[in-house]
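See structure below.
Each chain gets a letter, A, B and so on, in the order its sequence line appears, and its residues count up from 1.
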2 protein chains.
Amino acid sequence: MTSRGGKRMGAGRPKGTNHYGEPTKPVRIPVSKIDRVLRFVREREDMVPLYGNEVPAGFPSPADDYAEGVLDLNTHLVREPTATFFVRARGDSMIGAGIHDGDLLVVDRSLEATNGKVVIVSINGELTVKRLRKAKGRTWLTPENPDYPPIDFHEQDDTHLWGVVTNVVHSL
Amino acid sequence: MTSRGGKRMGAGRPKGTNHYGEPTKPVRIPVSKIDRVLRFVREREDMVPLYGNEVPAGFPSPADDYAEGVLDLNTHLVREPTATFFVRARGDSMIGAGIHDGDLLVVDRSLEATNGKVVIVSINGELTVKRLRKAKGRTWLTPENPDYPPIDFHEQDDTHLWGVVTNVVHSL
DNA sequence: TTTTTGAATAATGTAACAACATTCAAAAGG
DNA sequence: CCTTTTGAATGTTGTTACATTATTCAAAAA
């Protein structure tokens, strides 16, 4: 074929037409986490739409813009990653606080355990969850269930306060 | 100074002494997500230690090995990212199922709404959460609160079943 | 024996590159 | 004059390459 050459002013792929709509940069990732990272950046795996109580216009297409916003559970529930841990709740002594047997408790060790907070305490090597009550110079650990009695609390060898429960994850 | 040269058999940095304990590879990441990705891979932000009810040996140092394992909330609670959304619960009609006013509900639209499942239904443009009961060829939406009556359910113009509630996140 | 020092080697952030994708307009065809 | 074909022009992308840094070891010095 003969050439069809010549100037092509303004030709070429336009900027910003990539998959993400923004520039990318190579970042070194440990191989075991590459899959997870790619899912996060490519499929916005961690951003799940949040709806209120009205059926939104775009419903039920989560691919559309999320009028009510999106939510990342890790960021939402874990404010201080290095100070946070989970504990599996046992028993029904805190049923009144919405804590059921088997629930996953999100515990933040960086929060101050003030009066009224639900806390994780170890007693004789066992972790337990109770509500902290401070009154008249004394401190009590009170269950949220009338079947159980309050416990007088003071830090000692085998009793330690580990953190404040911020969220309860209940599976159905 | 004179040279101190000569063979150095076995010298050099040993393999596997990198920050992650495993090889890395460059992966192209959109610039706005680089911070988030680096936090994830470097500080294992999303991997929070999970403890049972015994005080573990390494406690309270989350930097140590997690005898009870680690947990990533997104992976744990969101099985099908593209079919999942969140709804904020209103009212106390499902208090018996552990669902309180203001709780965050994780809803999976890919699960089958079988008898006994807690489901999200829209009625007249409003989202509501109820337990599905199927019996004698009929389907009911039953609140988990004796103060509320069951509702006869059948899909029609203004009534639609949106998904199955898999988890309830309750804030304290 | 202990300390100093540079060789040896791996890790790491980023530039560079080759392969691919996309768009435009000149040339060809009608 | 309008439509189709085609290669130039340019951006994107996964991966390689590389210069710099970090780490360890043992020969040489003290």
*Any ring-ring contact (aromatic ring centres under 6.0 Å, His included) pairs touching residues 88-109 of chain A, not counting sequence neighbours?*
A/H100-A/H170
*Does any pair with a residue in residues 119-144 of chain A pass ring-ring contact (aromatic ring centres under 6.0 Å, His included), and if so which ones, sequence neighbours excluded?*
none
*asked:* List the residues meeting side chain to side chain donor-acceptor pair (under 3.5 Å) with A/N115, not counting sequence neighbours, and say none if there are none.
replied: none
*According to the side-chain hydrogen bond (donor to acceptor under 3.5 Å, both in side chains) rule, which pairs have a member within residues 17-28 of chain A, sequence neighbours left out?*
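Counting only pairs at least two positions apart or across chains, the side-chain hydrogen bond (donor to acceptor under 3.5 Å, both in side chains) contacts touching residues 17-28 of chain A are A/R13-A/T17, A/E22-B/S32, A/T24-B/R28, A/R28-B/T24.
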*List the protein contact pattern of nucleotides 10-16 of chain C with one symbol per nucleotide (5' to 3'): B for base contact, S for sugar-phosphate-only contact, - for none; contact means a heavy-atom distance under 4.0 Å.*
BSBBB-B
*Just jot down the salt bridge (Lys or Arg N to Asp or Glu O under 4.0 Å) partners of A/D35, sequence neighbours excluded, or say none.*
none
